[in-house]
Amino acid sequence: MPSVSMTVNGKPVSGEVEGRTLLVQFLREHLGLTGTHVGCDTTQCGACTVHVNGEAVKSCTFLALMAEGAEISTVEGLANGEELHPMQEAFRQNHGLQCGFCTPGMIMSGVALANRNGAPSEHEVREWLEGNLCRCTGYHNIVKSIMAGARAMSGQS
Amino acid sequence: MYEFTYHRATSLADAKAKMGQGDDPTLMAGGMTLIPTLKQRLAMPSDVIDLGGIADLSGIRMDGDTLVIGAMTKHHSVASSDVVKAFCPALAELAGLIGDPMVRNRGTIGGSVANNDPAADYPSAVLGLGATVVTDTREIAADAFFTGMFETALEEGEIVREFRFPKPKRAAYSKFPNPASRYAIVGVFVAEAADGIRVAVTGAAPCVFRHGGMEAALAGNFSAGALDGLKGDAGAMNSDIHASAEYRAHLVGVMARRAVASIV
Ligand SMILES: Cc1cc2nc3c(=O)[nH]c(=O)nc-3n(C[C@H](O)[C@H](O)[C@H](O)COP(=O)(O)OP(=O)(O)OC[C@H]3O[C@@H](n4cnc5c(N)ncnc54)[C@H](O)[C@@H]3O)c2cc1C
Ligand code: FES
Ligand code: FES
């Protein structure tokens, strides 16, 4: 079987995978990083969103072997020890989740938006979330959370 | 997914050589269509040859008055490119309307055009702007490229390298998206090109097509009013759970008028 090496949340990792092994399977099943969820497995819901070299991608539609040499960030890599990342803290403060299934993808997607745009408008957040589905919240508090999280990340309160 | 052997090509020549080996190899750009297709077991390639590592297949540049976009250029790069915005804002807007941010970070113009999905956006821009598709072996005019539903003039194993867009005087794209996927239920790309008016329609029929009646009407009078009463031919339109053929035929007229109205 081919082997693959990448950096996940700052740590070098490697493993043996099949050609068809998805990045999300590698993260969850080989590395035990089950924070990244699989909601649809059809590239629609965004629950599996991770960052590959800083860009948000759906890890259910990305082969593990394509990540050779890449830097991957998952929701597990955001917090600094006990201290939540500003985007996680914003979801907590704004009640941005109910069942929590979509939340890792929402947070990784929100962080990617904040990296491109430190003060997104409500409209920009809603458009950005085209690829992240939530079946519980009705989105309002997710949108509020991402706006607050983006401001906190860029040092505005 | 059936198992396959994965290869990362390092150059066009390397990709070509790898395509020559294996029983049934296939090319992969961003995998945004290919991976879902493999998951559904609609294809069973022996080898998947990833073009993602070939740096010179991706990029945006001007060559004189011609805009050149590499096949592996991501939708996000086109949508956010100042070069594209200055050359033809409609093309950047079209790229920004595709799918969602994660799809735009991975999906490529080459993969979208090679796939020729009846509901894809890019084929309408390539046909509407009269672009040239440059492959590893030849140049193909847009008018000869799109041959049918998911069918193109590409030969087995032929690799798209880049697209060359001649500068239009003005152009606009208007789409009625499927609210879930954002694929076009109907999208109309209208351009006043150096060689005349071009109206390319996607989403409506099995394959992107030019609307000769609208082109003739706009040639005499470039205004939304010139299109009054013109629409698609319901007999040639797709009909599915998203929209009936009659509705699509009607939308062809509405989207074309909206596109024209936005640039007069
Ligand atoms: C959720 C979702 C929503 C989407 N919404 C839209 C939308 O609104 N509008 C829209 O237009 N599209 C949409 N798409 C499609 C998207 O735009 C992708 O560009 C498209 O799926 C092609 O993907 P890709 O570039 O990754 O190519 P791949 O999936 O990697 O390849 C597609 C096909 O093209 C072939 N190919 C790829 N590159 C080349 C090349 N250089 N030369 C020859 N053959 C090649 C491959 O062999 C394969 O058969 C959506 C996709 C998803 C998953
Ligand atoms: S699990 Fe990847 S998009 Fe839904
Ligand atoms: S909180 Fe339940 S799916 Fe979003």
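So you know, we letter chains A, B, ... as the sequences are listed, proteins then strands, and number each from 1.
Annotation: D23(B), atom CG; neighbour count of heavy atoms from other residues, nucleotides and ligands within 6.0 Å does not exceed 12. Summarising the local packing, CD of E3(B) is surrounded by more than 12 heavy atoms from other residues, nucleotides or ligands at distances under 6.0 Å. In R258(B), the CZ atom is not crowded: 12 or fewer heavy atoms of neighbouring residues, nucleotides or ligands sit closer than 6.0 Å. The neighbour count for M44(B) CE, taken as heavy atoms of other residues, nucleotides or ligands under 6.0 Å away, does not exceed 12.
Side-chain N or O atoms of K39(B) include none that pairs as donor or acceptor with a backbone N or O of T61(A) at under 3.5 Å.
Contacts between T21(A) and chain B at a heavy-atom distance below 4.5 Å are absent for every atom of the residue. For P45(B), no part lies under 4.5 angstrom from a heavy atom of chain A. Heavy atoms of H76(B) lying under 4.5 Å from chain A belong exclusively to its side chain.
Annotation: residues 91-107 of chain B contacts chain A through G99(B), D100(B), P101(B), M102(B), V103(B), N105(B), R106(B) [non-hydrogen atoms, separation under 4.5 Å].
One finds the CG atom of L22(A) at 4.0 Å from the CE atom of M1(B) (value rounded to the nearest 0.5 Å). For the atom pair OH (Y2(B)) and CD (E18(A)), the distance works out to 14.5 Å, reported to the nearest 0.5 Å. Rounding to the nearest 0.5 Å gives a distance of 11.0 Å between CG of L38(B) and CZ of R20(A). A distance of 4.0 Å separates CZ of R182(B) from CD of E130(A), quoted to the nearest 0.5 Å.
For R135(A), there are no salt bridge (Lys or Arg N to Asp or Glu O under 4.0 Å) partners two or more places apart in sequence or in a different chain. For E124(A), the salt bridge (Lys or Arg N to Asp or Glu O under 4.0 Å) criterion is met by no residue, not counting sequence neighbours. Applying the salt bridge (Lys or Arg N to Asp or Glu O under 4.0 Å) criterion to E29(A), with sequence neighbours excluded, gives no partner residue.
Of the listed residues N132(A), L63(A), L133(A), the one with more heavy-atom pairs under 4.5 angstrom with chain B than any other is L63(A). Most heavy-atom pairs under 4.5 Å with chain B: of the set T49(A), T43(A), L113(A), T42(A), this distinction falls to T49(A).
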